[in-house]
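All remarks here apply to the structure that follows.
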2 protein chains.
Amino acid sequence: MIDKTSPMPLYFQIEEAIKQKIDKGEWESETMIPSEREFAENYEVSRMTVRQAINNLVNDGYLTRQKGKGTFVSAKKIEQKLLGLTSFTEDMKSRGLRPASRLISFQKTTAENRVAKALEIKEDQIIYEIKRVRLANDIPMAFETTYVPSDLLELNESHIKQGSLYSEVENAGFVIDYATQSLEASISREAESEILEITKGAAVLLIKRQTYLTTGRPLELVQSVYRGDRYKFMIDMKR
Amino acid sequence: MIDKTSPMPLYFQIEEAIKQKIDKGEWESETMIPSEREFAENYEVSRMTVRQAINNLVNDGYLTRQKGKGTFVSAKKIEQKLLGLTSFTEDMKSRGLRPASRLISFQKTTAENRVAKALEIKEDQIIYEIKRVRLANDIPMAFETTYVPSDLLELNESHIKQGSLYSEVENAGFVIDYATQSLEASISREAESEILEITKGAAVLLIKRQTYLTTGRPLELVQSVYRGDRYKFMIDMKR
DNA sequence: TATAACTAGTTGTCTATACCAGTCAGAAAA
DNA sequence: TTTTCTGACTGGTATAGACAACTAGTTATA
């Protein structure tokens with residue numbers, strides 16, 4: 001499992017071995033992984049070498065250490081890293097609210113000019129268009145429209161209904177690299193007012209997000225209309 | 001400089017010592033810092049301990065290593081990270097607009113409850129209250145109110161008019177550590193409408209920012225009302 | 001029974017040492 | 001003069017061991 005004659009550093013090999021077990025689901029979230037001393041004995045390396053491997057994985061967010069207890073597999077990675085940026089679900093949970101979604105429509109269609117530009121595709125290319133109402137404690141919070149190029153992923157309604165779009169992205173072997181987001185204040189139009197259960201002309205927060213893969217290709221364009229009276233966008237910038 | 005009897009880990013003390021030299025400007029960007037072996041000898045600790053300190057600073061983006069050459073101070077970090085978060089001026093410049101300010105009022109007053117809580121001071125404590133209109137290409141963009149505890153800094157009108165508040169902070173030897181920000185959509189009230197030259201009831205973006213020093217003390221509370229029709233808040237999340 | 005002390009297991013900190021792998025300048029050889 | 005080599009520097013990898021700090025369960029004690 002570990003090749004001491006390889007030019008690859010031992011700690012790196014151990015790192016990959018652990019990452020694989022996590023990615024393959026052998027070690028699930030919250031699982032305690034073997035202790036540093038166990039690793040050291042099994043792989044016949046020093047404990048410090050094991051620590052270097054684990055340290056890197058902790059820095060990358062794969063693992064969490066707890067003094068006196070052990071080292072544990074972190075919750076899913078993408079959700080953590082782009083927290084608040086990608087996931088309505090996580091955003092609401094962190095505020096102590098119960099998130100839910102109601103699918104309004106799901107269809108394949110051709111990209112109109114504005115969307116095509118954002119997704120860097122041709123105007124007549126087929127895309128998925130997903131419209132959802134996002135709820136917190138059963139109160140409508142936002143109206144969200146997502147656009148995804150259909151040549152990237154194979155999607156159907158059940159994917160959207162039960163799980164995260166991002167787990168599908170992962171399954172397809174794609175990795176999200178970064179996202180850009182814009183926020184602006186506006187006044188609700190007729191269409192949104194009804195769905196969000198607010199009066200026409202009420203304040204709304206328009207959030208537009210574009211997510212990019214490590215390949216450089218845009219994965220999605222998400223446009224959300226949040227209720228101004230119920231939603232506050234929070235952001236922390238450290239050091 | 002390093003206290004071996006302290007309960008603080010040695011690597012942490014070394015970390016802080018290096019950070020200080022960087023923050024104080026003693027070691028500028030691109031400067032090569034002493035080698036790991038030098039540190040070890042000077043502080044009378046093992047090289048591995050020095051490496052742990054440096055590793056953390058590399059992970060935090062303060063330093064970069066180059067095998068065979070040395071370890072170097074990274075380009076300025078605070079400006080990078082907090083850019084667009086702290087400075088209206090920089091924000092506008094990056095959009096190709098010409099920023100300007102018009103001072104509406106500058107006074108010493110006592111903190112009301114809400115402000116006192118945010119600044120973590122007592123309700124009757126003296127604070128500066130600075131009200132400004134922020135302009136971009138001579139068009140009113142935002143109405144900004146800043147609150148700063150008066151025991152932290154000595155401020156007067158000319159400080160505000162000519163320069164940045166932040167250069168005063170620096171002069172006083174303080175270092176900004178992090179900031180939290182919230183954004184929400186609302187409807188303009190009478191008072192702002194006039195100043196921002198918009199109709200009452202137009203969409204506005206309320207931005208509230210709290211800035212904290214490395215000492216843990218809040219430096220300022222800033223409340224801004226941005227015109228919804230002219231301002232879009234942009235944010236990039238990488239990795 | 002309730003509390004205190006112990007114990008085995010965990011990660012955290014630290015040492016002293018060794019050798020490997022790039023970098024660069026100056027000495028030696030062509 | 002130009003090229004090559006050598007040596008002294010840098011950070012990178014790895015070892016073996018020690019003790020501290022914390023956790024949780026067990027055992028001894030009041």
Side-chain angles (χ1 to χ4, degrees), chain A residues 1-19 21-22 27-75, chain B residues 1-19 21-22 27-75:
Chain A
M1 206 148 189
I2 296 296
D3 177 8
K4 290 219 180 192
T5 68
S6 157
M8 293 297 218
L10 295 180
Y11 73 86
F12 183 78
Q13 295 182 46
I14 296 171
E15 226 179 292
E16 291 301 313
I18 295 176
K19 237 194 279 189
K21 294 233 181 194
I22 296 174
W27 291 340
E28 292 182 6
S29 285
E30 315 302 317
T31 308
M32 179 173 149
I33 69 171
S35 76
E36 296 174 353
R37 286 177 175 84
E38 274 180 79
F39 271 122
E41 204 170 329
N42 290 339
Y43 289 139
E44 295 182 315
V45 297
S46 83
R47 191 182 145 217
M48 287 305 259
T49 302
V50 173
R51 275 184 72 78
Q52 188 168 359
I54 291 180
N55 271 336
N56 289 340
L57 293 174
V58 168
N59 278 329
D60 285 353
Y62 284 94
L63 300 174
T64 334
R65 316 181 97 124
Q66 274 177 261
K67 200 202 287 196
K69 296 180 79 173
T71 304
F72 303 83
V73 177
S74 306
Chain B
M1 206 144 189
I2 296 297
D3 177 8
K4 291 219 180 189
T5 69
S6 159
M8 295 297 219
L10 296 180
Y11 71 86
F12 183 78
Q13 295 183 45
I14 296 171
E15 227 179 292
E16 291 300 314
I18 296 175
K19 238 195 274 190
K21 295 233 179 193
I22 295 174
W27 291 341
E28 293 183 4
S29 286
E30 315 301 320
T31 307
M32 179 173 150
I33 69 169
S35 75
E36 297 174 354
R37 287 171 178 85
E38 271 180 81
F39 271 121
E41 204 170 330
N42 289 338
Y43 288 139
E44 295 182 318
V45 298
S46 83
R47 191 180 146 215
M48 288 305 268
T49 302
V50 174
R51 277 184 69 79
Q52 189 170 359
I54 291 179
N55 270 335
N56 290 341
L57 293 174
V58 168
N59 278 328
D60 285 352
Y62 284 95
L63 301 174
T64 35
R65 316 179 99 124
Q66 284 183 53
K67 199 200 293 195
K69 297 180 82 173
T71 303
F72 303 83
V73 178
S74 308

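When reading the values below, keep in mind they use all heavy atoms of this one structure, side chains included, and skip hydrogens, waters and symmetry mates. By convention in this document, chain letters (A, B, ...) are assigned in the order of the sequence lines, proteins followed by strands, and residues within each chain are numbered from 1.
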Write down the distance between [atom1] ([X]) and [atom2] ([N]), rounded to a whole number of angstrom.
| X | N | atom1 | atom2 | answer |
| --- | --- | --- | --- | --- |
| A:I2 | D:dT13 | CD1 | C1' | 14 Å |
| B:Q66 | C:dC24 | CD | C1' | 13 Å |
| B:D3 | C:dT13 | CG | P | 17 Å |
| A:E38 | C:dA8 | CD | C1' | 13 Å |
| B:N55 | C:dG12 | CG | C1' | 15 Å |
| A:R65 | C:dT10 | CZ | P | 13 Å |
| A:M32 | D:dA24 | CE | P | 11 Å |
| B:R51 | C:dA18 | CZ | C1' | 14 Å |

query = Which residue pairs pass the salt bridge (charged side-chain N to carboxylate O under 4.0 Å, His left out) test when at least one of the two sits in residues 6-17 of chain B, sequence neighbours left out?
reply =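 Residue pairs passing salt bridge (charged side-chain N to carboxylate O under 4.0 Å, His left out), neighbours aside: B:E16-B:K19.
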
inquiry  = Counting primed atoms plus P, OP1 and OP2 as sugar-phosphate and everything else as base, spell out the protein contacts along nucleotides 14-21 of chain D at 4.0 Å heavy-atom distance: B, S or - for each nucleotide, 5' to 3'.
reply    = BBBBBB-S

Residues forming a side chain to side chain donor-acceptor pair (under 3.5 Å) with A:R47, sequence neighbours excluded =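 For A:R47 the side chain to side chain donor-acceptor pair (under 3.5 Å) partners, ignoring immediate neighbours, are A:E36.
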
query = Touch check for B:Q13, heavy atoms < 4.0 angstrom, all strands: base, sugar-phosphate only, or nothing?
reply =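 Answer is nothing: B:Q13 stays at 4.0 Å or more from every strand.
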
inquiry  = A side-chain contact here means heavy atoms from C-beta on lying under 4.5 Å apart; do B:T64 and B:V58 qualify?
reply    =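 No, side chains not in contact.
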
ask   = Are B:I22 and B:Y62 side-chain neighbours, meaning at least one heavy-atom pair lies under 4.5 Å?
value =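 A side-chain contact under 4.5 Å exists here.
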
With sequence neighbours excluded, residues passing ring pair (Phe, Tyr, Trp, His ring centres under 6.0 Å) with B:Y43 =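 Applying ring pair (Phe, Tyr, Trp, His ring centres under 6.0 Å) to B:Y43 gives B:F39.
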
request  = Could you pull out all residues at least two apart from B:K69 that satisfy salt bridge (charged side-chain N to carboxylate O under 4.0 Å, His left out)?
outcome  =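 None.
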
query = Phosphate oxygens OP1/OP2 of D:dA24: is one of them under 4.0 Å from a side-chain N or O of A:K69?
reply =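 Answer yes for this pair, as a side-chain N or O of A:K69 is under 4.0 Å from OP1 or OP2.
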
query = Between B:S35 and D:dT10, is there a side-chain N or O to OP1/OP2 distance below 4.0 Å?
reply =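 Checking D:dT10 against B:S35, a side-chain N or O does come within under 4.0 Å of OP1 or OP2.
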
task = Using the test side chain to side chain contact (heavy atoms under 4.5 Å, CB included), find all partners of A:M48 that sit at least two apart in sequence or belong to another chain.
result =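 A:M48: side chain to side chain contact (heavy atoms under 4.5 Å, CB included) contacts with A:S46, A:R51.
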
